[in-house]
Amino acid sequence: MIQYPFLEKEITIGVTAPSSGVPTELHELLKTACNRLKRKGYSVICGDTAWTQDKAKSAPASKRAEEFNEMMMNDDIHIIIPPWGGELLIETLEFIDFDIIQTKWILGYSDISLLLWAITLKTGIATAHGTNFIDLRGEYSDNTTAMWESVLSLKKGESILQLSSEQYQKEWQFDQPTPYVFNFTEKTEWK
């Protein structure tokens, strides 16, 4: 049977990078996301791996897994949202301690999907395929991205209607990040 975490109010978000971290030249994106969520009333704890990037990963596999395991055991962290995906999360799986996984949401996509899949299969705890932490930096969010809080705080028996985003990000523009969540392919007026 699947166990569903419940997102309470006034939670603490743990940000760890089991795949790619954020290189120094892009730290402002991570800081902006932290500040945006703090203004919304969340506490944010960023692990060391969120701030590092060496080639295609944030840190050696054992360090990435160790930090993830620590955040899973930390009762003061209620949800884990990696900064973004990457390529080499698979290296961490042998070091993840599935026996200590607590019933808390883990939210992300891209390479993070592998971690979500492994946790749900090995523990029976639901995980959430959705926004990554950097995507929450924008002054505005598309309706689908903005629903992460509503979806993860549903109570048993409640439902919610989600629709696909009308816009999409064709490619990441590291040198010109917008104040929006995505670099849309066409101009969008935000209200």
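These numbers were taken from a predicted model, which means no experiment stands behind them.
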Next on the checklist: Would a single hydrophobic cluster contain both L30 and I45, if residues Ile, Leu, Val, Met, Phe, Trp and Tyr are joined by side-chain heavy-atom contacts under 4.5 Å?
Outcome noted: no
Item to check | Note, I125 side chain near P5 side chain (heavy atom, < 4.5 Å) | outcome: yes
Item to check | Cluster link I80 to W117, ILVMFWY, side chain under 4.5 Å | outcome: yes
Checklist entry - Of the non-hydrogen atoms in C46 and C34, which two are nearest, and what is the gap between them? => result SG-SG, 3.4 Å
Next on the checklist: Is there a path of hydrophobic side-chain contacts, each under 4.5 Å between heavy atoms of I/L/V/M/F/W/Y residues, joining I119 to I77?
Outcome noted: yes
Item to check | Smallest separation among heavy atoms of G21 and A17, with atom names | outcome: CA-CB, 3.8 Å
Checklist entry - Does the side chain of W84 come within less than 4.5 Å of S110's, by heavy atoms? => result no
Checklist entry - If you draw a 6.0 Å radius around CD in E25, do more than 12 non-hydrogen atoms from other residues or ligands fall strictly inside? => result yes
Item to check | Parallel, tilted or perpendicular, as decided by the 30° and 60° cut-offs, for the rings of W51 and H27 | outcome: perpendicular
Next on the checklist: Give me the atom names and distance for the closest heavy-atom approach of N143 to M147.
Outcome noted: O-CG, 3.0 Å
Checklist entry - Within a radius of less than 6.0 Å around CD1 of I90, do more than 12 heavy atoms belonging to other residues, nucleotides or ligands occur? => result no
Item to check | Heavy-atom donor-acceptor pair, K104 side chain to M71 backbone, under 3.5 Å | outcome: yes
Item to check | N69: side chain to side chain donor-acceptor pair (under 3.5 Å) partners, not counting sequence neighbours | outcome: none
Next on the checklist: For residues L163 and L154: do they belong to one hydrophobic cluster (side chain heavy atoms under 4.5 Å, members Ile, Leu, Val, Met, Phe, Trp, Tyr)?
Outcome noted: no
Checklist entry - Would you call I106 and M72 a side-chain contact if the rule is heavy atoms closer than 4.5 Å? => result yes
Checklist entry - Just by distance, do the side chain of W105 and the backbone of L152 share a donor-acceptor pair under 3.5 Å? => result yes
Next on the checklist: Which heavy atom of S58 sits nearest to which heavy atom of T52, and what is that distance?
Outcome noted: O-OG1, 2.7 Å
Item to check | Heavy-atom pair of closest approach, residues S19 and G86 | outcome: OG-CA, 3.2 Å
Next on the checklist: I need the L7 CG to I79 CD1 distance, nearest 0.5 Å.
Outcome noted: 5.5 Å
Checklist entry - Taking side chain as C-beta onward, heavy atoms only, is E66 less than 4.5 Å from F95? => result no
Next on the checklist: Please check if the number of heavy atoms outside F6 that lie under 6.0 Å from its CZ is greater than 12.
Outcome noted: yes
Checklist entry - Which residues pass the side chain to side chain donor-acceptor pair (under 3.5 Å) test with T123, sequence neighbours left out? => result none
Item to check | Side-chain (E149) to main-chain (V151) donor-acceptor, under 3.5 angstrom | outcome: no
Item to check | Inter-residue atom distance R36.CZ - E139.CD, 0.5 Å rounding | outcome: 5.5 Å
Checklist entry - Can you check whether I101 reaches F68 side chain to side chain, under 4.5 Å on heavy atoms? => result yes
Next on the checklist: Within the structure provided, determine whether L37 and F133 are in side-chain contact (heavy-atom separation under 4.5 Å).
Outcome noted: yes
Checklist outcome for this item: In this structure, CD of E87 is separated from OG of S20 (nearest 0.5 Å) by 6.0 Å
Item to check | Any donor-acceptor N or O pair under 3.5 Å, side chains T145, T131 | outcome: no
Checklist entry - Can you find a pair of side-chain heavy atoms, one from D48 and one from K63, that are under 4.5 Å apart? => result yes
Checklist entry - To the nearest 0.5 Å, what is the distance between CZ (R64) and NZ (K57)? => result 5.5 Å
Checklist entry - Taking all atoms of both residues into account, what is the closest heavy-atom pair of N132 and G85, and its distance? => result ND2-N, 3.6 Å
Next on the checklist: Return the CD to OG1 distance between E67 and T92, rounded to the nearest 0.5 Å.
Outcome noted: 12.0 Å
Checklist entry - Got a second to check how far N35's CG is from E28's CD, nearest 0.5 Å? => result 8.0 Å
Next on the checklist: Are I13 and L107 connected into the same hydrophobic cluster when the rule is that any two of I, L, V, M, F, W, Y join if their side-chain heavy atoms are below 4.5 Å apart?
Outcome noted: yes
Checklist entry - Heavy-atom distance under 4.5 Å between the side chains of Y109 and L116, does that happen here? => result no
